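Quantities reported herein were computed from a predicted structural model and do not represent experimental measurements. When a residue number appears, it is its place in the shown sequence, counting from 1.
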Amino acid sequence: MSGNPIVRIRFWGNSALIAVVVLTIGGMLLTDTYWESSPWLVGSVALGYAAVSFIAHLRHPDKVDAAWDEQNTAAQHASLVFGYWATLAVFLLLLGAVLTKQIEGNAAFFWLGPVLGIGLSIHYLASVARGRAE
């Protein structure tokens, strides 16, 4: 892993987002109940990641350009594209389920959240694992 603090924060922040979403959704599926605190937990992790990233950018302005080189920018762009298409695909699947009365609209809205929350992060970490990003 890079010694650049911006890169490390980006990696661990995306990892934390994925972990907390998977754990909360998995816990809800295993217990078959809705956890009232799960949106707050996921939102807190996301806001904490954003705050830590913002502070790191302010504290290490000399490291920002190295963390956002051409390769990382391309990986980030590809992650945004993947997140968009993944969300659209899941939306269409859930729309079909709502129209055929397999699930309620509010449940479909709820299940769209995890895709929005971690679609980009999953692709970005896959780019890191393939060596296409830092």
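Taking hydrophobic clusters as Ile, Leu, Val, Met, Phe, Trp and Tyr residues chained together by side-chain heavy-atom distances below 4.5 Å, Ile9 does not share a cluster with Leu47. Both Val42 and Leu29 belong to a common hydrophobic cluster when Ile, Leu, Val, Met, Phe, Trp and Tyr are linked at side-chain heavy-atom distances under 4.5 angstrom. By the rule that hydrophobic residues join a cluster once side-chain heavy atoms approach within less than 4.5 Å of another member, Trp111 and Trp40 end up as members of separate clusters. Val128 and Phe82 are members of different hydrophobic clusters when ILVMFWY side chains are connected at heavy-atom separations under 4.5 Å.
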Contacts under 3.5 angstrom, residues 90-105 side chains, donor-acceptor by atom type, not counting sequence neighbours:
from, atom 1, to, atom 2, distance (Å)
Thr100, OG1, Gly96, O, 2.8
Thr100, OG1, Ala97, O, 3.3

Which atom pairs, donor and acceptor, lie under 3.5 Å between side-chain atoms of residues 50-63 and protein residues at least two apart or in another chain?
from, atom 1, to, atom 2, distance (Å)
His57, ND1, Ser53, O, 2.8

I'd like a table of donor-acceptor pairs (distance under 3.5 Å, sequence neighbours excluded) in which one partner is a side-chain atom from residues 15-23, with atom names and distances.
from, atom 1, to, atom 2, distance (Å)
Ser15, OG, Phe11, O, 2.9

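Distance check, rounded to the nearest 0.5 Å: CD1 of Ile6 to CG of Asn72 gives 11.5 Å. Here the OG atom belonging to Ser127 is positioned 9.0 Å from the CD atom belonging to Gln71, to the nearest 0.5 angstrom.
As a member of the Ile/Leu/Val/Met/Phe/Trp/Tyr network built from side-chain separations under 4.5 Å, Leu120 groups with Leu80.
Residues satisfying the side chain to side chain donor-acceptor pair (under 3.5 Å) test with Ser79, not counting sequence neighbours, are His123. With sequence neighbours excluded, the residues forming a side-chain contact (heavy atoms from CB on, under 4.5 Å) with Thr87 are Leu112, Val115, Leu116, listed by chain and number.
There is a side-chain donor-acceptor pair under 3.5 Å between Arg10 and Tyr124.
No side-chain heavy atom of Thr73 sits under 4.5 Å from any side-chain heavy atom of Glu70.
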